[in-house]
Amino acid sequence: MGTSDAIVLDGFMEEETVTSDLHGSTARFRLTVFPTDERTAEMVLPCGVTDPGLALAVIHDLVPGDKPRVTGHLRPPAYRTSLCGWPSPPSPAQTALLHIPAV
């Protein structure tokens, strides 16, 4: 998957980001997206970051209230099982780039 087939979404961070492992080399966050001007069209998109450098930036730099521009790829959610046997939350959007516009 190259950047030519990536999607770009502008969104809003309502919650803290979380690390997906003990080393902070992966991260997860939820992006609230408004595809139209209507509030009823709002969606919350779970996002995952697997690049270790970007994951550290996401974990330490993104805070609730930020309005990041996320570039990445959508993938269908798969049923995954965690180490404890519980289903892992899906991350349908794999984040490749992240930009937080200056206010």
Side-chain angles (χ1 to χ4, degrees):
M1 282 186 265
T3 56
S4 63
D5 58 348
I7 62 164
V8 178
L9 296 171
D10 291 317
F12 182 79
M13 297 290 299
E14 291 188 31
E15 302 171 345
E16 297 277 335
T17 59
V18 295
T19 182
S20 298
D21 61 24
L22 295 175
H23 308 290
S25 61
T26 60
R28 291 179 292 148
F29 61 96
R30 296 194 315 172
L31 185 70
T32 302
V33 179
F34 303 95
T36 68
D37 289 336
E38 292 191 33
R39 182 86 171 156
T40 56
E42 172 186 308
M43 66 179 168
V44 176
L45 186 64
C47 299
V49 180
T50 55
D51 176 82
L54 184 57
L56 283 174
V58 166
I59 293 166
H60 297 291
D61 297 341
L62 277 183
V63 295
D66 283 346
K67 297 178 180 179
R69 170 168 285 170
V70 175
T71 303
H73 299 91
L74 285 177
R75 66 177 188 183
Y79 185 85
R80 301 183 318 249
T81 304
S82 68
L83 294 176
C84 299
W86 294 96
S88 297
S91 293
Q94 285 302 111
T95 305
L97 296 170
L98 183 70
H99 171 72
I100 303 172
V103 179

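Positions are given from 1 along the sequence. Every heavy atom of this structure was used, including side-chain atoms; hydrogens, water molecules and symmetry mates were not. All values derive from a computational prediction rather than experimental measurement.
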Between Val49 and Leu56, is there shared hydrophobic-cluster membership here, with clusters defined by ILVMFWY side-chain heavy atoms closer than 4.5 Å?
no
Would you say Phe34 and Leu62 are hydrophobically clustered, going by side-chain heavy atoms of ILVMFWY under 4.5 Å?
no
Derivation and outcome, side-chain contact (heavy atoms from CB on, under 4.5 Å), residues Asp10 and Lys67:
CA-CA 7 Å; Asp10 291 317; Lys67 297 178 180 179; over 6 Å; no
Pairwise side-chain contact, Phe29 with Val70, heavy-atom cut-off 4.5 Å (strictly under):
yes
Where at least one partner belongs to residues 40-49, residue pairs that pass salt bridge (charged side-chain N to carboxylate O under 4.0 Å, His left out), sequence neighbours excluded:
Arg39-Glu42
Val58 to Ala27 - nearest heavy-atom pair and separation
CG1-CB, 4.1 Å
Mark yes or no for whether Thr17, through its side chain, and Val63, through its backbone, hold a donor-acceptor pair below 3.5 Å.
no
Single-linkage hydrophobic cluster Leu9~Met13, side-chain heavy atoms < 4.5 angstrom
yes
Is it the case that one hydrophobic cluster holds both Leu31 and Val44, taking links as side-chain heavy atoms less than 4.5 Å apart, direct or via other members?
no
Would the distance check show the side chain of Asp66 and the main-chain N or O of Pro68 forming a donor-acceptor pair, the cut-off being under 3.5 Å?
no
Should Ile7 and Leu54 be counted in the same cluster of Ile, Leu, Val, Met, Phe, Trp and Tyr side chains packed under 4.5 Å apart?
yes
Heavy-atom closest pair, residues Thr26 and Ser20:
OG1-CB, 2.9 Å
To the nearest 0.5 Å, how far apart are CG in Leu45 and CZ in Arg30?
10.5 Å
To the nearest 0.5 Å, what is the distance between OG1 (Thr50) and CZ (Arg28)?
13.5 Å
All heavy atoms of Ala55 vs all of Gly24, minimum pair found to be CB-O, 3.8 Å
